[in-house]
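Quick notes on the structure that follows.
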Amino acid sequence: MSENPTVLNSVRQALALARIGVNADNRGDYAVAIHNYREASNLLNASEDLSTLNDEHYKTMIEKSKQYLDRADMLEQLLQGQQGGATSTKENFTFVEEIPIVSSGFLDPIPAFPSYKPFWLMRVLSKTIKSGAYLTPRLYIPKSIWQQTGCKFTAVETKIKSLEVLQECLQNLKKLHIQHTPPHQSDQQQQQQQQQSHHNHSSLPFDKNNIETISKETDSFCSQLDIIQNSLHFHLSFIPEIKIEKVNEKGWATKMKKFGNSLAKGAVRLAPSSKLEGQDYIGLLNSVFEESQFLESWMNCCESIGHSSLSNRLRRVGEFFSVVICSFVMKDFTILLERYMRKSLQTFMTINKFK
């Protein structure tokens, strides 16, 4: 469908009108919502080039058109009932429209190597948090799933403290990173440049002459990850415990030990589950997802230059993000998804009462 500008333009206009309708719908301005839903439906049906679409895209556009039209008809019936005195209370139903017409073509392929998979997952989850995105070729996750309030997560205070420390550790390590990609480039262009740099030593993500310092800092970073992992293991049994070797307690080592002790001492005070207030937890998650992405380019680089010691440490980093961060994030995401689906079903059942 991307090769047909006429159809694509119609889809964009229809989605823009649908969003206006959704906003009006949610605030109870049903007359405006009805008008925009019908306009969006007409745009999707009126395109003269629908015959150029494949069966899947054609079916999707027709279904969306019918969905907008059905919602407009239902709201019209509701308005007629209110004007006729059937009810004096204005019902406000939440109707979310975030699913794009163009589907799975923009989903990044899953990496073949296990060490790269958590960074792929965090990158995709970050997109779902910021704007909504496909998690799989057939599963779209709207950003509103992450914006729910009143959810209960296990040991959320401990997770927040751990994420704050992890973010600080990443920021310190990232000081050694060299950014070659201009900020205006798209994700696809960035990935292409990373693939090219895999075979081009002149665009290394760090100074090759400073490789020993980088290796030492990465080793220290891994030690910090071990302490964070064990601190979370104390509250989340599904996270495996790491045997930590004794180290010379200077600088970050002392600070991280104090951090681990403070979390352990606070175990008794923390409830089994804690209510999420605001977006502190989700915001921190997204920050860690974004801050950690530079590590993937480091992995590519170490494999290309054949630095086995640093490669091994970075594989440990990938393992941490896989068995610790992605592990508890996906459990919490499951809670959010189930709650979202339950609430959506309740809204759907309520709407059906007015049909």
Side-chain angles (χ1 to χ4, degrees), residues 111 113-123 126 162-181 190-191 193-195 197-233 239-260 284-285 287-327:
F113 297 102
S115 299
Y116 292 82
K117 289 182 179 179
F119 298 100
W120 171 87
L121 179 59
M122 290 188 291
R123 189 161 55 247
S126 178
S162 300
L163 289 170
E164 288 174 343
V165 174
L166 178 58
Q167 184 180 20
E168 186 176 352
C169 295
L170 285 167
Q171 289 171 348
N172 287 331
L173 189 62
K174 196 175 182 180
K175 293 176 182 178
L176 300 171
H177 181 67
I178 300 175
Q179 180 63 265
H180 294 284
T181 304
Q190 291 178 18
Q191 289 172 10
Q193 184 161 342
Q194 285 181 3
Q195 291 174 358
S197 66
H198 183 80
H199 302 285
N200 185 4
H201 292 184
S202 64
S203 58
L204 297 177
F206 50 71
D207 185 359
K208 189 177 180 181
N209 296 325
N210 200 26
I211 193 71
E212 293 304 322
T213 300
I214 293 172
S215 182
K216 182 179 178 181
E217 291 297 324
T218 304
D219 191 70
S220 176
F221 179 62
C222 288
S223 298
Q224 296 157 14
L225 297 184
D226 291 344
I227 296 174
I228 295 174
Q229 180 168 340
N230 284 351
S231 299
L232 287 167
H233 165 76
I239 294 177
E241 186 178 9
I242 294 292
K243 292 184 179 181
I244 301 178
E245 298 179 358
K246 293 183 179 180
V247 295
N248 186 17
E249 294 182 1
K250 293 181 180 180
W252 265 104
T254 303
K255 184 176 181 180
M256 292 303 298
K257 182 178 180 181
K258 291 180 179 179
F259 163 73
L284 269 172
L285 279 179
S287 296
V288 169
F289 292 164
E290 294 179 335
E291 291 282 356
S292 63
Q293 289 303 310
F294 75 95
L295 294 168
E296 188 175 31
S297 63
W298 283 26
M299 290 181 179
N300 279 329
C301 174
C302 291
E303 290 178 359
S304 65
I305 65 178
H307 198 289
S308 59
S309 176
L310 185 54
S311 293
N312 290 335
R313 304 312 291 164
L314 289 173
R315 276 195 289 270
R316 162 59 189 144
V317 173
E319 179 189 13
F320 169 84
F321 279 100
S322 178
V323 303
V324 179
I325 302 301
C326 291
S327 183

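Basis for what follows: all heavy atoms, side chains included, without hydrogens, waters or symmetry-related copies. Keep in mind the model is a prediction, meaning the values are calculated, not measured.
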Could you grab the distance from atom CZ of R313 to atom SG of C222, nearest 0.5 Å is fine? 4.0 Å

Say you draw a straight line from NZ of K174 to CG of L176; how long is it, rounded to the nearest 0.5 Å? 12.5 Å

Is there a side-chain contact between E319 and P114 in this structure, where contact means two heavy atoms from C-beta onward sitting under 4.5 Å apart? no

Set out, in order, the CA-CA distance, both residues' side-chain angles and the distance that settles side-chain contact (heavy atoms from CB on, under 4.5 Å) for L225 and L166, then state yes or no. CA-CA 8 Å; L225 297 184; L166 178 58; 3.5 Å; yes

Do any N or O atoms from the side chain of S215 and from the backbone of I211 form a donor-acceptor pair under 3.5 angstrom? no

Does any N or O in the side chain of Q229 come within less than 3.5 Å of the main-chain N or O of P240, such that one atom is a donor and the other an acceptor? yes

Taking only residues two or more places apart in sequence or in another chain, which ones pass side-chain contact (heavy atoms from CB on, under 4.5 Å) with S126? K130, N286, F289, E290

Evaluate the ring planes of W298 and F294, with Trp represented by its six-membered ring, and classify them as parallel (under 30°), tilted (30 to 60°) or perpendicular (over 60°). perpendicular

Which is it for L295 and L173 under the side-chain contact (heavy atoms from CB on, under 4.5 Å) test, yes or no, and what are the steps along the way? CA-CA 9 Å; L295 294 168; L173 189 62; 4.0 Å; yes

Pair R316 + D226: basic N to acidic O under 4.0 Å: yes

Is there a side-chain contact between P118 and I325 in this structure, where contact means two heavy atoms from C-beta onward sitting under 4.5 Å apart? no

Without swapping roles, check the side chain of S322 against the backbone of G318 for a donor-acceptor pair under 3.5 Å. no

Any side-chain heavy atom of F113 within less than 4.5 Å of one from M299? no

Value rounded to 0.5 Å, distance of CD in E291 from CD in Q167: 5.5 Å

With side chains defined as the heavy atoms from C-beta onward, is the minimum distance between I239 and N230 less than 4.5 Å? no

Nearest 0.5 Å, please: how far is CD in E168 from CG in L163? 13.0 Å

How long is the gap from NZ on K117 to CD on E296, to the nearest 0.5 Å? 13.0 Å

If only atom types and distance count, is the side chain of S223 paired as donor or acceptor with the main-chain N or O of D219 below 3.5 Å? yes

Does the side chain of E217 pick up a donor-acceptor pair with the side chain of T213 at under 3.5 Å? no

Nearest 0.5 Å please: distance from the SG atom of C302 over to the CG atom of L314. 5.0 Å

With side chains defined as the heavy atoms from C-beta onward, is the minimum distance between N300 and Y116 less than 4.5 Å? yes

